[in-house]
**Q** 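Quick one: this structure, given as structure tokens, is what I'll be asking you about.
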Protein chains: 2
Amino acid sequence: MSAPLTRRQQAVYEFLVTHREEFPHPPSLDELAAAMGLSSRGSLHKHVRALVQAALVEPMEQRRRGIRLTAREQAGLPLLGRIAAGRPIEAIPDARAVEVPDFLRGRGRCYVLDVRGDSMRDEGILDGDLVVIEARSHARNGEIVVALIDGAEATLKRIEQRPGEVILHPANPAFEPLRLRPEQVAVQGVVTGLMRACR
Amino acid sequence: MSAPLTRRQQAVYEFLVTHREEFPHPPSLDELAAAMGLSSRGSLHKHVRALVQAALVEPMEQRRRGIRLTAREQAGLPLLGRIAAGRPIEAIPDARAVEVPDFLRGRGRCYVLDVRGDSMRDEGILDGDLVVIEARSHARNGEIVVALIDGAEATLKRIEQRPGEVILHPANPAFEPLRLRPEQVAVQGVVTGLMRACR
DNA sequence: CATCACCGAGAACGAATGGAGAACGGGAGG
DNA sequence: CCTCCCGTTCTCCATTCGTTCTCGGTGATG
């Protein structure tokens with residue numbers, strides 16, 4: 001590759017990735033600039049040019065069809081790691097992409113986790129399943145969430161939020177529900193889909 | 001591939017896709033222009049020509065009312081029907097396509113079924129899940145199969161083939177294993193993958 | 001302080017785009 | 001034959017938008 005991205009170039013790229021769903025069409029320079037709070041098309045164009053250079057964005061030679069990410073990024077969602085009840089998410093070194101059908105994806109930024117353990121067995125989530133996670137920090141009661149407990153352990157549980165208390169329900173009689181104070185629990189995302197390859 | 005679509009061409013195409021049901025017949029250029037708020041047939045025709053070029057719309061050589069979408073190449077697999085233990089597969093009239101990642105597909109011809117009922121609950125297959133089936137007539141022991149019993153009822157079960165006997169194991173204590181003679185059981189396919197959208 | 005990388009505003013240019021409308025031609029129906 | 005409908009092609013025009021420029025500001029570094 002060529003030169004590494006500067007901070008702002010990175011920001012533009014991340015904006016494109018996370019907001020790709022929100023643009024009905026690929027945005028023009030003006031639209032993107034407005035969305036990012038810039039008022040100069042020219043400035044933004046400089047960043048986009050760098051992204052084109054880095055092969056992250058399709059070059060648009062004088063064409064007016066908007067700013068598109070290169071095809072590679074469209075294909076799949078990143079497999080970020082393994083999640084096992086009671087341990088931090090174990091990152092997978094080379095985060096390969098996993099093909100995920102649209103109807104399993106959430107609205108916002110999504111990623112995929114590999115489930116370890118049987119704590120959600122009764123919800124039909126088994127060891128080795130891939131869950132699709134929509135990254136958000138709030139959940140509705142009854143959703144299955146990736147929760148970070150005390151900033152250390154990550155777990156997959158059905159959430160119930162009450163005044164002054166958060167209950168994380170496993171789906172396996174062998175495990176107990178966790179009753180926690182709200183400040184102990186940080187929601188990292190909610191499950192929007194599940195995939196299992198049967199061998 | 002030719003040049004990618006411009007924004008307006010994209011919009012015309014999307015309009016055609018989303019409103020295809022609303023036109024009893026393929027629309028004329030005038031109708032389509034009016035529906036999209038254009039007052040010039042010629043302008044619209046330019047866009048349509050681009051879509052023909054992109055093989056998204058059938059070319060209409062001088063024919064009237066001729067704007068029709070090309071038969072989409074479906075990347076997905078057909079959703080053939082619902083399967084509920086103890087009944088024939090209930091075919092879905094308009095077999096829509098379901099997007100299925102490669103790693104959930106088997107080697108041969110595949111299709112998708114919508115699971116009804118909880119007879120495989122303990123295998124993590126719940127009511128409403130979509131299972132990917134590889135069509136074949138033989139299974140290995142331990143695979144989850146679509147089995148046709150006595151030529152009438154279809155069911156999803158884990159198969160165990162013994163000399164002179166076939167046992168179909170449900171995965172729910174509320175159901176009993178079925179012990180059948182081999183000639184009663186016709187394997188129609190085996191489960192190669194599973195998908196669930198969590199709402 | 002001098003230098004440099006980075007960032008943003010804004011002006012200016014020119015090509016691509018999108019729309020209006022006129023005109024041609026062919027088929028259908030009177 | 002005339003008339004309508006409709007696909008097609010054409011020209012003309014305004015606007016949009018990608019591109020390139022200059023200029024000023026900021027922060028890090030020597």
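In what follows, chains carry the letters A, B, and so on, assigned in the order in which the sequence lines appear, proteins first and then strands, with residues in each chain numbered from 1.
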**Q** Write down the distance between CG (B:L5) and P (C:dG18), rounded to a whole number of angstrom.
**A**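 To the nearest whole Å, that distance equals 10 Å.
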**Q** Nearest of D:dT20, D:dG18, C:dG19 to any side-chain atom of B:R8?
**A**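 So the nucleotide nearest the side chain must be C:dG19.
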**Q** Rounded to the nearest angstrom, tell me the gap between atom CG in A:L32 and atom C1' in D:dC17.
**A** 13 Å
**Q** Find the distance A:K46:NZ to C:dC6:P and express it as a whole number of Å.
**A**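 Nearest whole value for this atom pair: 10 Å.
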**Q** Tell me which nucleotide among C:dG18, D:dC6, D:dC17 gets nearest to the side chain of A:R41.
**A** D:dC17
**Q** Looking only at side-chain N and O atoms, does A:R65 come under 4.0 Å of OP1 or OP2 in D:dG18?
**A**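 A:R65 to D:dG18 OP1/OP2: no side-chain N or O under 4.0 Å.
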**Q** Does B:H45 put a side-chain nitrogen or oxygen below 4.0 Å from OP1 or OP2 of D:dT8?
**A**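 Indeed, a polar side-chain atom of B:H45 lies that close.
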**Q** Between D:dC5 atom C1' and B:R64 atom CZ, what is the distance in whole Å?
**A**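 Between C1' of D:dC5 and CZ of B:R64: 5 Å.
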**Q** Taking for each residue the nucleotide of DNA chain D with the nearest heavy atom, is it B:I67 or A:G66 whose nucleotide lies nearer the 5' end?
**A**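 Counting from the 5' end, the first nearest nucleotide belongs to B:I67.
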**Q** Between D:dC6, D:dT8, C:dG19, which nucleotide has the shortest distance from any of its atoms to the side chain of B:M60?
**A**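 Closest nucleotide among those given: D:dT8.
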**Q** What is the separation between atom NE2 on B:H25 and atom P on D:dC5, rounded to the nearest whole Å?
**A** 17 Å
**Q** Tell me whether the side-chain N/O atoms of B:S39 come closer than 4.0 Å to OP1 or OP2 in C:dA20.
**A** yes
**Q** Quick check: do A:T192 and A:L104 have side-chain heavy atoms less than 4.5 Å from each other?
**A** no
**Q** Does the side chain of A:E58 come within less than 4.5 Å of A:V52's, by heavy atoms?
**A**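 Sidechains of A:E58 and A:V52: no contact.
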**Q** Would you please confirm or rule out a distance under 4.0 Å between OP1 or OP2 of C:dG8 and any side-chain N or O of A:H47?
**A**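 For C:dG8, OP1/OP2 do have a side-chain N/O of A:H47 under 4.0 Å.
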**Q** Rounded to the Å, how far apart are A:D30 CG and D:dT19 P?
**A**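 Atom-to-atom, A:D30 to D:dT19, this comes out as 13 Å.
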**Q** A:R49 CZ to C:dC7 C1': how many Å, rounded?
**A** 13 Å
**Q** Can you measure from CG (A:L51) to CD1 (A:I67) and round to the nearest 0.5 angstrom?
**A** 9.0 Å
**Q** Between the side chain of B:R158 and the main-chain N/O of B:E123, is any donor-acceptor distance below 3.5 Å?
**A**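 Looks like no, no N/O pair under 3.5 Å.
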**Q** Specify the separation, in whole Å, of atom CG of B:L38 and atom P of C:dT17.
**A** 17 Å
**Q** Which part of the nucleic acid, if any, lies within contact of A:L29, taking any heavy atom under 4.0 Å across all strands shown: a base, the sugar-phosphate backbone alone, or nothing?
**A**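 Touches a base.
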**Q** Verify, without hydrogens or angle tests, whether A:R196 (side chain) and A:I125 (backbone) share a donor-acceptor contact under 3.5 angstrom.
**A** no
**Q** State which of C:dG10, D:dT19, C:dA20 makes the closest approach to the side chain of A:S40.
**A**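 Among C:dG10, D:dT19, C:dA20, the one nearest the side chain of A:S40 is C:dG10.
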**Q** Does the side chain of B:R7 get closer than 4.0 angstrom to OP1 or OP2 of D:dG18 through an N or O atom?
**A** yes
**Q** Would you say B:T6 reaches C:dA16's phosphate, i.e. side-chain N/O to OP1/OP2 under 4.0 Å?
**A**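 So the side-chain polar atoms of B:T6 never come under 4.0 Å of the phosphate oxygens OP1 or OP2 of C:dA16.
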